[in-house]
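Indexing begins at 1, ligand by ligand and atom by atom, following the structure's order. Only heavy atoms go into these numbers, but all of them, side chains included; no hydrogens, no water, no symmetry mates. All values derive from a computational prediction rather than experimental measurement.
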Amino acid sequence: MSQLDVVSLTRQFGGLTAVKDLSFSVSPGAIAGLVGPNGAGKTTVINMVSGIDKPTSGTISIAGQDTSTIKGHEFVRLGIARTYQNMKMFHGLSVIDHVIVGLDSRRKTTFFHALVPNPIERKERAAMRDKAMEFLKVMSIDHLAESEATTLPYGLQRRLEIARALATEPKLLLLDEPTAGMNQQESSEVAEVLRGLNQKGLTLLVVEHNIKFVRDLCQEVTVINFGEKLLSGTPQEVFNSQLVREAYLGKQRDERLATFQSLRAGTHRNINMGEFAS
Ligand SMILES: Nc1ncnc2c1ncn2[C@@H]1O[C@H](COP(=O)(O)OP(=O)(O)OP(=O)(O)O)[C@@H](O)[C@H]1O
Ligand SMILES: [Mg+2]
């Protein structure tokens, strides 16, 4: 059984079809990639898989369970967590309290109980802090626990974003551009951390523009363009495909669309692109 099964997924916004008849799967224990040019529909897919948006049609199953009747806030109990392309950090809140928010979604004590000094809650709050600190350690930002999150450099905020998602103890973690704004060194470090998490059993679906990152990290990749699947395969298969190359390299949107449609109508050949986009 797949960890994630997306079947004929479509999302329309008024007249715009952001995702069209898209099907792909993520195997349990895999590191999967979802890539495509700007506006391809990647975030829209992540929004639907994480339950903050609903499909116009099609189905999403998580570990075999159809999610169509599941409410957004219940997705965390299915083992889904995500990070955001545009991070949402709260002003005035420390790094560790951001992770406690994540822990809170699985506990009876509310986040605000946990923050307000209250003798009855003190023990549980101490336990939550210890637990939160573990996730900060995983992301190597435990020394910044008491810093205000919004004052962290961008790369460290992205690490915090992952720590916060891990605090819900997911089985499938969706990462929307985890290395955006990072240099090569920082990206490699994040790749290393994600590999470690994967080795401990976490399944990952990573949306990224950084092709080198996807090549190095992912075992299976789905490429979408204009909301439709171009192809799925190993990184080598997809990044050696002319279809994918054209999807990325076309200059104007109309030009890309025309090339895409003509390529799609015929058979595409694989070409050796060397270090495409690396
Ligand atoms: N809530 C919305 N209302 C209307 N249109 C939307 C909405 N969300 C996304 N879109 C449109 O759907 C299309 C796909 O957007 P999406 O953000 O999913 O792309 P993306 O692949 O994540 O792009 P990027 O690489 O730039 O992050 C775009 O044309 C976008 O403008
Ligand atoms: Mg996006």
> Hey, is R11 one of the residues with a heavy atom under 4.0 angstrom from ligand 1?
Replying inline: no

>> Could you check whether D53 pairs with R11 (Lys NZ or Arg NE/NH1/NH2 to Asp/Glu carboxylate O, under 4.0 Å)?
In response: yes

>> For D21 and S8: C-alpha separation, side-chain torsions, deciding distance, then whether side chain to side chain donor-acceptor pair (under 3.5 Å) applies.
In response: CA-CA 4 Å; D21 198 24; S8 301; 3.3 Å; yes

> Under 3.5 Å, side chain of S241 to main-chain N/O of L243, donor-acceptor pair present?
Replying inline: yes

>> Counting only heavy atoms closer than 4.0 Å, does ligand 1 sit against the backbone of V19, its side chain, both, or neither?
In response: neither

> For ligand 1, which atoms have a heavy atom of T44 less than 4.0 angstrom away?
Replying inline: 9 (C), 14 (C), 15 (O), 16 (P), 18 (O)

> Which atoms from ligand 1 have a heavy atom of A40 less than 4.0 Å away?
Replying inline: 19 (O), 20 (P), 21 (O)

>> With no hydrogens and no angle check, just 3.5 Å: does a side-chain donor-acceptor pair link D66 and S61?
In response: no

> Short question: side chain of E148, backbone of T150 - any donor-acceptor pair under 3.5 Å?
Replying inline: no

> Under the 3.5 angstrom rule, does the side chain of R159 hit a backbone N or O of M139 as a donor-acceptor pair?
Replying inline: yes

>> So if I count the atoms of ligand 1 from 1 in the order they appear, which ones are less than 4.0 Å from some heavy atom of Q85?
In response: 24 (P), 27 (O)

> Is a donor on one side and an acceptor on the other found under 3.5 Å between the side chain of T234 and the backbone of E237?
Replying inline: yes

> Honestly, is R82 close enough over Y84, meaning NZ or CZ under 6.0 Å from the six-membered ring centre and within 45° of the axis?
Replying inline: yes

> Any idea which atoms of ligand 1 are less than 4.0 Å away from a heavy-atom of G41?
Replying inline: 14 (C), 16 (P), 18 (O), 19 (O), 20 (P), 21 (O)

> Is it true that the side chains of S232 and E220 contain a donor and an acceptor less than 3.5 Å apart?
Replying inline: no

> What protein N/O/S atoms lie closer than 2.8 Å to the Mg ion (ligand 2)?
Replying inline: T43 OG1, Q85 OE1

>> Under 4.0 Å, counting heavy atoms only: does G36 come that close to any atom of ligand 1?
In response: no

